[in-house]
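To start, the structure itself, in structure tokens.
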Amino acid sequence: MFGPDKCGEDYKLHLIFRHKHPKTGAFEEKHAKPPDVDLKEFFTDRKTHLYTLVMNPDDTFEIFIDQKVVNQGSLLEDVVPPINPPREIDDPNDKKPDEWDDRAKIPDPSAVKPEDWDENEPAQIEDSSAVKPDGWLDDEPKFIPNPSAKKPDDWSDDMDGEWEAPHMPNPACQIGCGEWKPPMIDNPKYKGVWKPPMINNPSYQGIWSPQKIPNPDYFEDDHPFLLTSFSALGLELWSMTPNIYFDNFIICSEKEVADRWAEDGWEPKIMVANANEPGMLKQLTTAAEEHPWLWLMYLVMAGLPIALVTSFFWPRKVKKKYEDTGPKTTDICKPQTKAALEQGAEEEKAPEKPEDLEEEKQPSDGDMVIVEKGEAVNVSSFIVFQMKEADESTGSGDAPVKSLRKRRVRKD
């Protein structure tokens, strides 16, 4: 018997052959050792596979799956039970003597039970320090009939007996009900039944075994490769799995013949199966149809890279470090009247606050510094110069205006 076998979650690849006893003529089954590879893949991948058994004249065997070796060994050493029986067997008439002592350990005969050893002490005793809790109801039952339960309409006293409401825990037993008993604790005086300690047996003789005698059915077959001939091939099928097919069996005496047949018949079938195999997208869709929860996993796996890339390249708002402190063109070019300038002069004469003076002494990061005739002035001075030139261009020509503009120039 040769071929794959699946029983539940147990996957096997059998090689079983019958060997004829040369003396008794009885046949005995010999099972080859199981393969060292995991066979589950070949049973679950839903692909076509080629199983090959090669038995060589040197009493060795090889098992192939898809032209790759998965198991090999010797017919004399790697089958159970072995081909050749043992030379000696246990004497069926030999019996163990009555005086045979096979006890490795025995109780110490010189040991004596201590006088204070009390075997009557129980393993647990009541806790004498326990006190019944306040509110314990001795007369209340732990369970009472459910007052909300109703007798079913289809209940028949004759058929079902007298109806009784189902019981429920007594709501009055918040602390406890019934007869109160103190809890049990381990008894510190408990020692149990006294037993003497064990010592090595001075009369120990070991484990007895019957004597060996020559095996009357012993034989030696050095070439189990020479099996009994057969003239038919059968299939042993019992499967709960649909869509399983077996075809193209070949039995020959040369492995090269089987290899040529595999090259001509099986390899084209593999090529067609691989060409018709669905792509990755189709496999994912098929798997999701069987397990709908996979759609959520697909969505997360597809959306996570997009979210990471988007968050990495998304433009960020940068807080302006420098503010535009330049003059407005409308303020520079705005014409000034004599009354407005005189009002500005009065405001200029008003004493300034110490805080304002401190701020004016320290130019901000946005101030523009201009060097004119060896002196540095801040932006406010630059604005005044421009306003002065603008006023002069208007043609007012008033002396107070010129002096006023000069007073507004503040050197840093």
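Side-chain atoms of Gln205 come within 3.5 Å of backbone N or O of Asp101 as a donor-acceptor pair. A donor-acceptor distance shorter than 3.5 angstrom exists from the side chain of Lys30 to the backbone of Pro82, with no hydrogens or angles considered. Looking at Trp117, its side chain does come within 3.5 Å of a backbone N or O of Gly192 through a donor-acceptor pair. Without hydrogens or angle criteria, Asp59 side chain to Phe225 main chain gives a donor-acceptor distance under 3.5 Å. A donor-acceptor distance shorter than 3.5 angstrom exists from the side chain of Lys6 to the backbone of Gly8, with no hydrogens or angles considered. Put simply, the side chain of Asn146 never gets that close to the backbone of Met168: no donor and acceptor are under 3.5 Å apart. With Lys23 contributing its side chain and Tyr218 its backbone, the two residues share a donor-acceptor pair below 3.5 Å. Side-chain N or O atoms of Asn215 include one that pairs as donor or acceptor with a backbone N or O of Pro86 at under 3.5 Å.
Considering only heavy atoms from C-beta on, Asp66 comes within 4.5 Å of Trp266 through its side chain. Side-chain contact between Leu50 and Trp261: present, with at least one pair of heavy atoms (C-beta onward) separated by less than 4.5 Å. In this structure, Phe42 and Pro4 have side chains that are not in contact, with every pair of non-hydrogen atoms separated by 4.5 Å or more. Two residues are said to be in side-chain contact when any heavy atoms from C-beta on lie closer than 4.5 Å; Tyr190 and Pro122 fail this criterion. Between Pro214 and Arg87 the shortest side-chain heavy-atom distance does not fall below 4.5 Å. A heavy-atom distance below 4.5 Å is not found between the side chains of Phe2 and Met55. Side-chain contact between Leu76 and Asn84: present, with at least one pair of heavy atoms (C-beta onward) separated by less than 4.5 Å. In this structure the side chain of Ile213 never reaches within 4.5 angstrom of the side chain of Asn93, judged on heavy atoms.
From Asp222, atom CG reaches atom CG of Leu75 across 12.5 Å, with rounding to the nearest 0.5 Å. For the atom pair OG1 of Thr52 and CD of Gln67, the computed distance is 5.0 Å after rounding to the nearest 0.5 Å. Considering OH of Tyr204 and CZ of Arg103, their distance stands at 11.5 Å, rounded to 0.5 Å. Leu299 contributes atom CG, which lies 11.0 Å from atom CG of Leu304 (distance to the nearest 0.5 angstrom). Distance CD/Glu28 to NE2/His19: 9.0 Å, rounded to 0.5 Å. We find the CD-CG distance between Gln124 and Asp186 to be 5.0 Å, quoted to the nearest 0.5 Å.
Of all the heavy atoms in Cys177 and Lys142, the pair that sits closest is O-CE, 3.6 Å. Scanning all heavy atoms of the two residues, the minimum distance from His21 to Asp217 falls at NE2-O, 3.2 Å. Among all heavy-atom pairs drawn from Phe17 and Val79, the shortest one is CE2-CG1, 4.0 Å. Between Ile207 and Trp100, the shortest heavy-atom contact is C-NE1, 4.4 Å. Shortest non-hydrogen contact noted between Arg18 and Leu227 is O-CD2, 4.2 Å. Closest of all the heavy-atom pairs between Glu126 and Pro182 is OE1-CG, 3.4 Å.
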Before giving the answer on side-chain contact (heavy atoms from CB on, under 4.5 Å), spell out for Ile185 and Ile125 the whole-Å C-alpha distance, their side-chain angles and the decisive distance to 0.1 Å. CA-CA 6 Å; Ile185 59 175; Ile125 58 175; 4.1 Å; yes
Could you walk me through whether Asp247 and Lys269 pass the side-chain contact (heavy atoms from CB on, under 4.5 Å) test, one step at a time? CA-CA 12 Å; Asp247 60 358; Lys269 186 186 298 185; 3.5 Å; yes
Could you walk me through whether Asp94 and Trp208 pass the side-chain contact (heavy atoms from CB on, under 4.5 Å) check? CA-CA 11 Å; Asp94 191 12; Trp208 181 86; 3.8 Å; yes
May I have the step-by-step check of side-chain contact (heavy atoms from CB on, under 4.5 Å) for Asp157 and Glu162, ending in yes or no? CA-CA 5 Å; Asp157 294 339; Glu162 183 180 358; 5.5 Å; no
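Under the 30°/60° scheme for interplanar angles, the aromatic rings of Phe43 and Tyr11 are found to be tilted.
Salt-bridge formation is not detected for the pair Asp91/Lys212: no Lys NZ or Arg NE/NH1/NH2 atom is positioned less than 4.0 Å from an Asp or Glu carboxylate oxygen. Of the charged side-chain nitrogens involved, none lies within less than 4.0 Å of a carboxylate oxygen, so that Lys20 and Asp221 do not count as a salt-bridged pair. With salt bridges taken as basic N to acidic carboxylate O contacts below 4.0 Å, one links Lys113 and Glu119. In this structure, Asp264 does not pair ionically with Arg260, as no charged nitrogen and carboxylate oxygen lie closer than 4.0 Å.
At most 12 heavy atoms of other shown residues, nucleotides or ligands fall within 6.0 angstrom of atom CE in Met297. In Phe249, the CZ atom is crowded: over 12 heavy atoms of neighbouring residues, nucleotides or ligands sit closer than 6.0 Å. In the displayed structure, Asp139 atom CG is contacted under 6.0 Å by at most 12 heavy atoms of other residues, nucleotides or ligands. In the displayed structure, Lys191 atom NZ is contacted under 6.0 Å by more than 12 heavy atoms of other residues, nucleotides or ligands. No more than 12 heavy atoms of other residues, nucleotides or ligands sit less than 6.0 Å from atom NZ of Lys150. At most 12 heavy atoms of other shown residues, nucleotides or ligands fall within 6.0 angstrom of atom NE2 in His223.
Every residue meeting the side chain to side chain contact (heavy atoms under 4.5 Å, CB included) condition with Asn71, not counting sequence neighbours, appears here in chain and number order: Lys33, Pro35, Phe61, Ile63.
Pairs passing the side-chain hydrogen bond (donor to acceptor under 3.5 Å, both in side chains) check and including a residue from residues 163-180, sequence neighbours excluded, read Glu140-Asn170.
Side chains of Lys105 and Asn200: a donor on one and an acceptor on the other come within 3.5 Å. Thr60 and Asp58 are linked by a side-chain donor-acceptor pair at a separation below 3.5 angstrom, with hydrogens and angles left out of the test.
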